[in-house]
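Report on the following structure.
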Amino acid sequence: MKNSKTTFKEISEIFQTIEEIASRNEITEILASFYRELTSEEGEILSYLILGRVAPFFVNSEFNYSEKSLISLLEKYAKAKDIDIRVQQERDRLGDIGDTVKLFSEKCGFVSKGASLFEAYDTLWGIVKTEGNGSVERKNSIILGALESFSPLEAKYFVRVICGQLRFGISFKTLLDVFSFVVVGDKSLRLDLDRAYGICADIGYIYSCIAQKARMEAVESLKNLKIQPGIPVMPRLVERVGSFEETFERTGSPALVQPKFDGLRCQIHKYESKDFEHREYIWKKYLSRKDIGLFEQASNDVEIKLFTRNLEDVTEMFPEIAESAKAISDKSFILDSEVLGFKDGKFLPFQDTMQRRRKYSIGDASKNIPVKGMVFDVLFLNGKDLIEQDTQKRVETLSKIEMGESLELCETKEVSDLDSLMQIFHENVEKGYEGVIVKMLSGEYLPGVRNYDWIKLKKSMMNTLVDTVDLVCVGYYYGSGRRSDFGVGAILGALYNEKTDGYEAICKVGTGFSDEQLRSIKGQLETKIEEGQPQNVLCPENLKPDIWVYPEVVFTVEADEITKRLGEENIGGGLSLRFPRLVEWNRDKSSNDATRVSELIKMFEMK
DNA sequence: TGTGTCTGCCC
DNA sequence: ATTCTGC
DNA sequence: GCAGAATGGGCAGACACA
């Protein structure tokens, strides 16, 4: 280990090294040797920074400041100081906010004042904690002050952290590989690290468990981590397959089948506050250092906590779920569920459920949009960790829990042949659900893992149930990162309106194209560029593209659903598409053969 | 007090 | 969320 | 096949500003 404190300059230099390397294995080794030179605390901080954060995901610590704010700040600064740089244009050209800031910093002649990693980290926390009236201005001055004290290279990575755009090809999974390398020089600790992170999704804390330790000691420290109701577990995720036939090849037969609801993932925790307090959980000690307020003093005997898929605490948003959980006779548990609006005996669409994701007027909202939690798994019950048990056994245990009013046991069926699977799938689609989830009978609840033991079959898998529309391209957007090399990040699609002989933009399409397609799209669109918005094109304000294009090229888009858009409802029937993806570019069709507004309205009404 | 812009989080 | 690509 | 990075619609909240 080094004697001196690590500087932010050293951090930016290692970031630069990493950025130039494509091989993740190589990056892993380089980063691991860098970590070995750091103190434990520096390693923890670096881990958060690599994830574009200052604290774990479940700790409320967002910058609320991103590219657009930064660009407008720099433009103001350049104007005031008469510096010759057009920030937005450079960003469009470079495709990266970090490179833009580096250029800006070079033009300003800023030089490094040698800030330490700790100082940079404190500055980042300062941005996070700045809120309320005038906060944008205050954040601006913190950031400007920082930029003036950084070299262009430091500035580049500093703003990339704020914008969450590090783009090294490293996320928490690769960081766990890095940690394994730090201890043993290979990936053999990865399983222990995965397990630990799955029940304690704090990358900094996980690092502190293994820092400066030999193998035995590190493994022991990871194994000591236990599931603790009140602290979220990473939800298990599902994989998709290409066909129904593939399902049983993956899960084996028989398998368990459950409905797939279109709502919000919700992990329901119940525990007695005395248990939480008495365990003196080491994690609590660690987080309290930063004055985060995650573990407030418990006021009740029984505590309920609800967490989203990304571990955000949403307890206050769903009081009826919390009440029902409280009413269950079991003293402690962790349930996995999908929460969705439910009124007059019917489940409500996703957009309605989303309105419950709110901070204010929860009482009114819960009257208008009552929710129900459909419970499909149990991870912990009456003091006992169940995640190592087979899914079949956990589901059986779950079925014996008496659910309250706003909670309902999710139906689970055992299925062993394709016909029954298809039948259940169709039944669920007819009930209006998204499809089904198929699960292998055996196997643990693996926190945070997405593999083929759990599979989703969505109705959009079937040709007859997916929405396919032909849109006319009326514009495109500059991309970011690797997309900026192509000059196109996404395209704007429009419907044809035969009554006006015009085109009405309804949605952007940014996925589904291969690199090769992207190149040919750019080439083709370049020949059709229009100075401004073409006369015969209508477009909602928030869809306006960077570059307008004369409406000629027709492309086919698939979508899971046609959705109702609020505002500017005269354009495109006020409709849009959910999860739009390109399936075919440059259809051999003239633009007035594209899907018509009236046709999309009909499709929407038919569903 | 209302409106527009931006951000973060759901899917 | 969906999709593509490098390893 | 994994891991990461591109990208989507649409919701509420936080601010700035008129």
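Chain letters run A, B, ... following the sequence lines, proteins first and then strands; every chain starts at 1.
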Whole-Å distance, A/Glu239 CD to D/dC2 C1', equals 10 Å
Using whole Å, what does the distance between atom P of nucleotide D/dG4 and atom CG of A/Leu166 come to?
13 Å
Heavy atoms under 4.0 Å, any strand shown: does A/Arg53 hit a base, just sugar-phosphate, or nothing?
nothing
A/Lys564: partners by side-chain hydrogen bond (donor to acceptor under 3.5 Å, both in side chains), with sequence neighbours left out:
none
Donor-acceptor pairs under 3.5 Å, side chain of residues 463-475 of chain A to any protein atom, not counting sequence neighbours: which ones?
| unit_1 | atom_1 | unit_2 | atom_2 | d |
| --- | --- | --- | --- | --- |
| A/Asp470 | OD1 | A/Thr556 | OG1 | 2.7 |
| A/Asp470 | OD1 | A/Arg587 | NH1 | 3.2 |
| A/Asp470 | OD2 | A/Lys589 | NZ | 2.6 |

Using atom CD1 of A/Ile455 as one end and atom P of D/dG1 as the other, report the distance to the nearest whole Å.
11 Å
Under the ring-ring contact (aromatic ring centres under 6.0 Å, His included) test, which residues partner A/Phe15, sequence neighbours left out?
A/Tyr157, A/Phe168
Rounded to whole Å, CG of A/Asp546 lies from P of D/dT7 at a distance of 11 Å
Regarding A/Glu312, tell me which of base, sugar-phosphate or nothing describes its non-hydrogen contacts under 4.0 Å with the strands shown.
sugar-phosphate
Using side chain to side chain contact (heavy atoms under 4.5 Å, CB included) as the criterion, list what pairs up with A/Ser243, not counting sequence neighbours.
A/Glu245, A/Glu246
With heavy atoms under 4.0 Å as the rule, sort A/Lys139 into base, sugar-phosphate or nothing.
nothing
DNA chain D-proximal residues of residues 471-487 of chain A, any heavy atom under 4.0 Å
A/Gly479, A/Ser480, A/Gly481, A/Arg482, A/Arg483
Can you list everything that forms a side chain to side chain contact (heavy atoms under 4.5 Å, CB included) with A/Arg358? Sequence neighbours excluded, please.
A/Ser361, A/Ile362, A/Ala365
Rounded to whole Å, how long is the line connecting atom NZ of A/Lys187 with atom P of D/dC2?
13 Å
Of all residues at least two apart in sequence or in a different chain, which pass the ring-ring contact (aromatic ring centres under 6.0 Å, His included) check with A/Phe376?
none
A/Gln517 has an atom CD; how far is it from atom P of D/dT7, in whole Å?
16 Å
A/Ile18 has an atom CD1; how far is it from atom C1' of C/dC7, in whole Å?
17 Å
Would you call A/Glu444 and A/Arg195 a salt bridge, using N to O less than 4.0 angstrom?
no
Between B/dG8 and C/dA1, how far is it from one C1' atom to the other, in whole Å?
16 Å
Mapping A/Asp262 and A/Leu70 to their closest nucleotides on DNA chain B, which lands nearer the 5' end?
A/Leu70
Looking only at N and O atoms, is any donor in the side chain of A/Thr511 or the base of D/dT7 less than 3.5 Å from an acceptor on the other one?
no
Can you check the A/Phe555 CZ to C/dT3 P distance for me, whole Å?
15 Å
A/Ile170 near the nucleic acid: base, sugar-phosphate alone, or nothing, with a heavy-atom cut-off under 4.0 Å?
sugar-phosphate
Identify, with sequence neighbours excluded, every residue that meets side chain to side chain contact (heavy atoms under 4.5 Å, CB included) alongside A/Glu131.
none
Using a cut-off of less than 4.0 Å, is there contact between a side-chain N or O of A/Arg450 and OP1 or OP2 of D/dC2?
no
Assign A/Thr308 to base, sugar-phosphate, or nothing according to its heavy-atom contacts below 4.0 angstrom with the strands shown.
sugar-phosphate
A/Phe244 side chain near A/Met462 side chain, heavy-atom distance below 4.5 Å:
yes
Which letter, B, S or -, goes with each nucleotide of nucleotides 9-18 of chain D from 5' to 3', with contact meaning a protein heavy atom under 4.0 Å?
SBSSSSSS--
For A/Asp336, the option from A/Arg236, A/Arg309, A/Arg265 that meets salt bridge (Lys or Arg N to Asp or Glu O under 4.0 Å):
A/Arg265
For A/Asp546, check side-chain hydrogen bond (donor to acceptor under 3.5 Å, both in side chains) against everything at least two apart and list the hits.
none
From the 5' end of DNA chain B to its 3' end, which nucleotides mark the outer limits of contact with chain A, defined by a 4.0 Å heavy-atom distance cut-off (strictly under)?
B/dC6 to B/dC11
Side chain to side chain contact (heavy atoms under 4.5 Å, CB included) against A/Ser72, all qualifying residues, sequence neighbours excluded
none
